[in-house]
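Just below is one structure, and these are the notes that go with it.
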Protein chains: 2
Amino acid sequence: MSKKNKTTIKDIANVLNISAAAVSKALHNDSRISEKTKKAVKQVAKNLNYQPNHLASALRRGKSNLVGVIVPKTNSNFFSSVIESMETVLNKAGYNIIITQSNESFEKECKNIDTLLFTQVDGIIASMANETVDLSHYEKIKSKGIPLILFDRGENDLNVDYVGINDYHSSHLIVEHLIAKGCKRIAHIGGYRRTRIFNNRIRGYIDAIKKNNLPIDDNLIIESDLTLNDGRKKMAKMLNFENRPDAVYVAGDYAALGALQVLNENNIDVPNEIRLVGFGNEPFTSLISPTISSVNQHSNDIGRLTAETFLERVSNPEIKQTLNKIILDAELIVRDSSK
Amino acid sequence: MSKKNKTTIKDIANVLNISAAAVSKALHNDSRISEKTKKAVKQVAKNLNYQPNHLASALRRGKSNLVGVIVPKTNSNFFSSVIESMETVLNKAGYNIIITQSNESFEKECKNIDTLLFTQVDGIIASMANETVDLSHYEKIKSKGIPLILFDRGENDLNVDYVGINDYHSSHLIVEHLIAKGCKRIAHIGGYRRTRIFNNRIRGYIDAIKKNNLPIDDNLIIESDLTLNDGRKKMAKMLNFENRPDAVYVAGDYAALGALQVLNENNIDVPNEIRLVGFGNEPFTSLISPTISSVNQHSNDIGRLTAETFLERVSNPEIKQTLNKIILDAELIVRDSSK
DNA sequence: TACCTTTGCTTAATCGTTTAAACAAAGATA
DNA sequence: TATCTTTGTTTAAACGATTAAGCAAAGGTA
């Protein structure tokens, strides 16, 4: 904030010889202010290059019109697209967003929440870090009485609005696609079971396998942190099995890429020898060779719906309306790695 | 902001039967408040779960402790790392950041600036959109008297602090590396000349070629928007030359990837037939086959230095100190595509 | 004893905007 | 003419924290 150029409503009032209150009302199109005054006020405001002091109005109204957003990492196509469409909706409604990154760290997530609450945001939209198990910091948000909306990485126990995709069903799509291609031993490199979305993918995988009368082999279900390197490790491990899988469904694209690298290095023909499917539809999946089949998570819809859910909450804060749980169906994009 | 849990310094004052002013001072460790009172105040603050109202203090002090950040897209490894290290430094100094994306659009950039000024940020740190030519919106920031720091995508005409890498010199590194490998016809798929950093890379390329007594062939210098698709197009075009290049230096990794795809599809041996170097060191450059040589832009240093430059500016706002232009030397990372 | 300093607090104004309440003037109603 | 409504404005009190100025009590100095 600067010392110069600090035109206030008082300055406008002085020019027109009316009260500051009248100016404020004129600028907000109050019905009790005459058209003549409104026009004059707006003209002077323009001339003096008036910019309302957001802090003052936020303080007075008890609303900052700021929404805090917490994502594990902006450096991912999914999250950056979600944020983009979220921003569009919220900006239109007069809200601005503050983006913070947790870097998948529980500690950083706590700090982010403190920061956002300190900044007096009107609400928080978050996707949880992998590390997060303890939820007390999220309870803190709830206890402040401001809306909390989760997307993608949510948690049932928290009992708050949630927008995400149907992970359970996505696993069915993938497994059935692979079976249709003739695969009989489908492995799953999944995320940690304690993270709900990954647990859902694992459950979906198991149920889909059973539903299609294939045997469940526990060796073929491996938990991973889904980084590229861990994808490599887990894939390498599987190649040592005496009974190799003929397909691998990896719950994250980076880990899928790691797996693909190992397969390529071992001269294994993808898709003919082993088929591969990733998750998340990161841009690189269509850039490498072979291109990797993956699941599109509809980031734009998720962003838009999350924002709309937030707006709904702030517009009727008292109403203890039923929880919004919006679950979208994801879309399997078949590419060369499983054709 | 909520109606409940709104503990204020007045509440603390009431409990202890002292004035609100004393509470404020105690919380700020004012030397004129006794240790006994300070301890008591802090204890009560903790008990009542007191959180200072940032808006009120910002209004009063004329400082929001918010820094606005504008980047073309958070969805890039470079920008997301810059932001991360910037945030670390700024948080330590008591500042929080508001991240906005311009999506390379001039119009969106203008809107972002309006939003940030409206939010009363104490300063703006920006990297310009590709589209931006007109600079009046940046002048607006300067005229408000708040610090403006540019990084990576800057502009000399604006006359503000800048942190970036030595693009001119980076081109020398690349060209000389390729010449050392025996290349004689080195092409350059560059960005638009009107963007300073790309212009510098082109100038560096030309001067390095000349310096090494190789001929300049204008056909080998091609402007591009550096998207993956355009990289493909420009590479395909070059393959039709009767006199093909034996190396291609692409000013962006995504376009370099596009070029590589075309080379692979045409069964051209990279690096033996044509060597390839990209720019930006995006993670995928080391993920694909062959891995792509690229330039590391020291995102962490850039973020840190940008933040430090900002802090320097806000701490001595009056001093019309000389402009900070920090230019780091980039680092060429040689990978398979040019080995 | 008389005066000066230091310590530890209080009072009151302030940041710029919003808004409930008051009020004057004009117009409508009976 | 007397009373009620409507219109268009002003007054003044907030929002919560900060801070210059003031002041009383305690301690120090000569």
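Here is how names work: the chains are called A, B, and so on, in the same order as the sequence lines, proteins then strands, and each is numbered from 1. Quick caveat, the model's predicted, so the values are computed rather than measured. Only heavy atoms go into these numbers, but all of them, side chains included; no hydrogens, no water, no symmetry mates.
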- Side-chain N,O (Ser19(B)) to OP1/OP2 (dT10(C)) below 4.0 Å: yes
Expressed in angstrom and rounded to an integer, what is the separation of [X] atom [atom1] from [N] atom [atom2]?
X         : N       : atom1 : atom2 : value
Asn29(A)  : dT18(C) : CG    : C1'   : 15 Å
Ile9(B)   : dG16(D) : CD1   : C1'   : 6 Å
Leu55(A)  : dT17(C) : CG    : P     : 10 Å
His28(A)  : dT18(C) : NE2   : C1'   : 8 Å
Asn53(B)  : dT18(D) : CG    : P     : 10 Å
Gln120(B) : dG16(C) : CD    : P     : 10 Å
Lys63(A)  : dG16(C) : NZ    : P     : 23 Å
Leu59(B)  : dT17(C) : CG    : C1'   : 9 Å

- On the 0 to 90° scale, with breaks at 30° and 60°, tag the Phe151(A)-Phe78(A) ring pair as parallel, tilted or perpendicular. tilted
- Item | Student check: side-chain heavy atoms of Asn53(A) and Thr8(A) closer than 4.5 Å | no
- Hey, is the side chain of Lys25(B) pairing donor to acceptor with the base of dT10(C) inside 3.5 Å? yes
- Query: Looking at DNA chain D, which of residues 31-44 of chain A put a heavy atom within less than 4.0 Å of it?
  - Reply: Arg32(A), Ile33(A), Ser34(A), Thr37(A)
- Item | Shortest side-chain distance from Ala21(B), nucleotide among dA17(D), dT19(C), dT11(C) | dT11(C)
- Note on the structure: Of dT10(D), dA17(D), dT18(C), the nucleotide closest to the side chain of Arg60(A) is dT18(C)
